[in-house]
Structures are given as structure tokens and as C-alpha cells.
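Here's the structure, in C-alpha cells; my notes come after.
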Amino acid sequence: MYEILTKKRLNPTVTQMEIHAPLVAKKAKAGQFIILRVDENGERIPLTVAGTDAVRGAVKIIFQIVGATTHKLNCKKAGDTISDFVGPLGEPTHLDGLKKVCIVGGGVGCAIAMPVAQELHRRGAEVTSIIGFRNKDLVILEEEFRSCSDRLTVMTDDGSYGEHGNVTAPLKAMLDAGEHFDCIITIGPLIMMKFVTLTAKPFGVPVTVSMNPIMIDGTGMCGGCRVTLTQDGKRITKFACVDGPDFNGYEIDFDEAMSRGRMYAAFEHSAHERACNLFREVD
Ligand SMILES: Cc1cc2nc3c(=O)[nH]c(=O)nc-3n(C[C@H](O)[C@H](O)[C@H](O)COP(=O)(O)OP(=O)(O)OC[C@H]3O[C@@H](n4cnc5c(N)ncnc54)[C@H](O)[C@@H]3O)c2cc1C
Ligand code: FES
């Protein structure tokens, strides 16, 4: 069993927890994830390692309450336990040699982007961060990004905070002005990552995207997390759990990934309805 050390609400639908998992805390690198089960009968869900404290054996996770399992997890409080917490899984984000990087995060994707920005900053790279949210109430991790970024732009779709518009606008303005980046690393909704990639393409800047498909075993055995890439004119299949979650944005078939992501929508909706009836949220 794994103890929940701390719990903090970041916004009405996003919660941060620290879980006591000393072995994961010792090994995890930026970009890797864990798979947890809340209880013995629960489904396995992947969440990114948002930070570690090896001294306390603590692993930080930040999750959006979107369905049955994240709802059930959010009903737990500090001092409670969860039954499984496996990791670190996946390849760490490749950061070697990067000196000037633009991080583009959207919504809860900012939780996944944050440890990458922090690690780049720790290595002495120049970090430009652009983070976007639907509105002011959903803004998370602004201070964390500010402290690891040389430049930070906060965007909201409705203009209720920061600048008005989506994340591609300031990115395009910087590229148009002749700004050079060794790489753009973007993490968020598929549609956002697709448009960040399209924005960067005319400027020839490499783009890394973080794919979050449905995952089951997380070890490359079930095929649930497959994504299609085009390399040298050939379509190939990769597994996000072992080959990713990071991929070259120019190679990814975003449209297929979006249609696969919607496959279980009806089932997930009814599981969420059942969970909402069974559990009461605990702060
Ligand atoms: C490598 C990876 C890292 C992730 N990191 C984070 C993170 O740090 N914070 C965060 O909020 N979310 C993260 N996610 C997404 C998170 O796993 C899903 O939100 C979660 O599984 C939803 O489960 P649910 O039962 O609450 O919702 P459901 O109602 O079951 O599903 C809601 C949506 O979540 C996605 N989802 C559901 N089950 C899975 C699954 N087993 N694997 C992947 N996606 C699923 C689907 O897109 C689905 O439409 C990550 C996903 C992956 C693959
Ligand atoms: S989750 Fe099963 S192959 Fe990746």
C-alpha cells in the first residue's frame, strides 16, 4: 500500500498529491510516468511524475478529475493509502544538448510540462514558457513556471487572465520575430499539440509532443497505447508506454490519435456517473 502524504487542490478540477513511493522517487526522471490503482478492483491509470523528493520518498502527481478513477482518487485524503503505484515508466524526455527551449503547455498538460521546464532550467538552458487555460479559474502552476522560466506568457481562451487567445499566437509572434529555439516541447490536448506543430513547421524548429493515449499494462504488451508515425514515407506503429510518451510532432498522425481517444467515451461516461453516485469528494 502507498500512503498519500499530502493533498492540495490546484483548481476546481485539478488536484496535486504526494505519494510515499521511495523507489520511484529515487529513480524517476522528467517525462516519465507511473501507473496506479486506487484499490484492488480499480482500473490502472497512468499519471506523469510531476516532481520527486528523494529524501522524503515522495512522488508528486497532478491529476485532472475527468472520470471514474480520478474521481475516486480525489476522494482520498492525506493519510489514506492506494493499492498500487508502479514506475517510473516510459522514456525520460530527451534534453541533452538543448540550450534554448520553448515549452508550450495546455491545461493539465502544464503539470506534465512543468518537471521538463524545471529540469531544463536546472541544466542552465534558456527556457521560454507559454501556458494556456480556458479561463482564469483553471490557471495552475503559474508561480512554478515563473521560477524556472526566463520568459513566461500566460494565455486564457476568454481573456479573463493573462493574454487573450490560445498558445499558438505568442509562439507564432516569437517565431515571426526571428526567435530561435533548439526545440519546442509541447504538452496538452492533442488538438493543441497538432496546431503547435503546424505553427512551428514553416520555421523548421524541431517539435517534441507528449502522447497520452489509453494505456493498460504500460509495458508494451497489450498494444492499447499504439500511435502511428510516418518515418521516411512509411507508416509505422509505436507504443507510447515504452517508445514514448514523447515523439517527434512532425511524424505523429494526430487525427488518428484523436479518433482513438474517443473510442471509449460512452463507457467512460457511464463509469463516471456510477462513481459520482458512489463516492463523495473529500478535501
Ligand atoms: C503517459 C500518460 C501520462 C498522463 N499524465 C497525466 C497527468 O499527469 N495528469 C492528468 O490529469 N492526466 C494524465 N494522463 C491522463 C490520465 O491517465 C487520464 O485522465 C485518466 O486515466 C482518466 O481516468 P478516469 O477513469 O478518471 O477517466 P475516464 O472517464 O476513464 O476517461 C477520461 C479520459 O481519460 C483518458 N483515459 C482513460 N483511461 C485511460 C488510461 N488507462 N490511459 C490513458 N488515458 C486514459 C481518455 O482520454 C478518456 O477520454 C496521462 C496519460 C498518459 C497516457
Ligand atoms: S499500454 Fe499496453 S502496450 Fe502500451
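Each ligand, and each atom within it, is numbered from 1 in the order the structure gives.
- Per-residue contacts place I45 under 4.0 angstrom from the following atoms of ligand 1 (heavy atoms of the residue considered): 21 (O), 23 (O).
- Put simply, V209 and L198 are part of the same group of oily side chains (I, L, V, M, F, W, Y) that touch within less than 4.5 Å, one to the next.
- No N or O atom of F33 sits closer than 3.5 Å to an N or O atom of ligand 1.
- No donor-acceptor contact under 3.5 angstrom links the side chains of T208 and D246, judged on distance only.
- The N/O atoms of G67, backbone and side chain alike, include one that comes under 3.5 Å of an N/O atom in ligand 1.
- Although no hydrogens or angles enter the test, the distance criterion places no donor-acceptor pair under 3.5 Å between the side chain of R134 and the main chain of G107.
- Close approach of ligand 1 to M215 (heavy-atom distance below 4.0 Å) involves ligand atoms 1 (C), 40 (C), 41 (N), 42 (N), 43 (C), 53 (C).
- Residues A200 and I184 approach most closely at CB-CD1, 3.7 Å, considering heavy atoms.
- Residues E251 and K238 are not paired through a salt bridge, judged by the lack of any N-O separation under 4.0 Å between the basic side chain and the carboxylate.
- Ion pair K60/D53 not flagged as a salt bridge, since none of the NZ, NE, NH1 or NH2 atoms sits closer than 4.0 Å to an Asp/Glu carboxylate oxygen.
- Taking 2.8 Å as the criterion, C222 counts as a coordinating residue of atom 2 (Fe) of ligand 2, since one of its N, O or S atoms falls below it.
- Less than 4.0 angstrom separates some heavy atom of N212 from each of these atoms of ligand 1: 1 (C), 2 (C), 3 (C), 50 (C), 51 (C), 52 (C), 53 (C).
- Within D217, the N, O or S atom lying nearest to atom 2 (Fe) of ligand 2 carries the name OD1.
- Heavy-atom contacts of I216 reach the following atoms of ligand 2: 1 (S) (cutoff under 4.0 Å).
- Shown in contact with G223 at under 4.0 Å from a heavy atom are these atoms of ligand 2, numbered in order with element: 2 (Fe), 3 (S).
- With ligand atoms numbered from 1 in the order given, ligand 1 contributes 11 (O) to contacts under 4.0 Å with heavy atoms of V108.
- Every atom of ligand 1 is numbered from 1 in the order shown, and the set under 4.0 Å from a heavy atom of Q64 is 10 (C), 11 (O).
- Listed by number with element, the atoms of ligand 1 under 4.0 Å from a non-hydrogen atom of F63 are 9 (N), 10 (C), 11 (O).
- Residues I131 and V167 form no side-chain contact, since every pair of their non-hydrogen atoms from C-beta on lies 4.5 Å or further apart.
- Contact atoms of ligand 1 toward R44: 41 (N) (distance under 4.0 Å to a heavy atom of the residue).
- With ligand atoms numbered from 1 in the order given, ligand 1 contributes 19 (O), 22 (C), 26 (O), 27 (O), 32 (C) to contacts under 4.0 Å with heavy atoms of V66.
- Side-chain N or O atoms of K76 include one that pairs as donor or acceptor with a backbone N or O of T81 at under 3.5 Å.
- A salt bridge does not link K7 to D80: none of the charged nitrogens lies less than 4.0 Å from a carboxylate oxygen.
- Note: the hydrophobic cluster containing L89 does not contain F239 (ILVMFWY, side chain heavy atoms under 4.5 Å, direct or indirect links).
- Proximity of L152 to E142: side-chain heavy atoms (C-beta onward) are separated by under 4.5 Å at one or more points.
- Ionic pairing of R123 and E119 is present here: one or more N-O contacts between side-chain nitrogen and carboxylate oxygen are shorter than 4.0 angstrom.
- Taking only nitrogen or oxygen atoms, main chain and side chain alike, E43 reaches within less than 3.5 Å of ligand 1.
- In this comparison of T69, I214, D217, L89, the heavy atom closest to atom 45 (C) of ligand 1 sits on I214.
- In this structure, K172 places its NZ atom where only 12 or fewer heavy-atom neighbours from other residues, nucleotides or ligands lie under 6.0 Å away.
- Considering T70, L47, I61, L36 only, the shortest heavy-atom separation from atom 26 (O) of ligand 1 involves T70.
- Ligand 1 lies nowhere less than 4.0 angstrom from a heavy atom belonging to A111.
- Numbered from 1 in the order shown, with element, the atoms of ligand 2 that lie under 4.0 Å from a heavy atom of G220 read 3 (S).
- Using a 4.0 Å cutoff on heavy atoms, K72 does not count as a contact of ligand 1.
- S83 and E40 form no side-chain donor-acceptor contact under 3.5 Å, judged by distance and modelled atom types alone.
- Around atom 4 (Fe) of ligand 2, the two atoms SG of C225 and SG of C241 are separated by an angle of 100°, to 10 degrees.
- With a 4.0 Å heavy-atom cut-off, ligand 2 is reached by the backbone of M221 but not by any atom from C-beta on.
- Heavy-atom proximity to atom 3 (C) of ligand 1, evaluated over T48, D246, I34, is greatest for T48.
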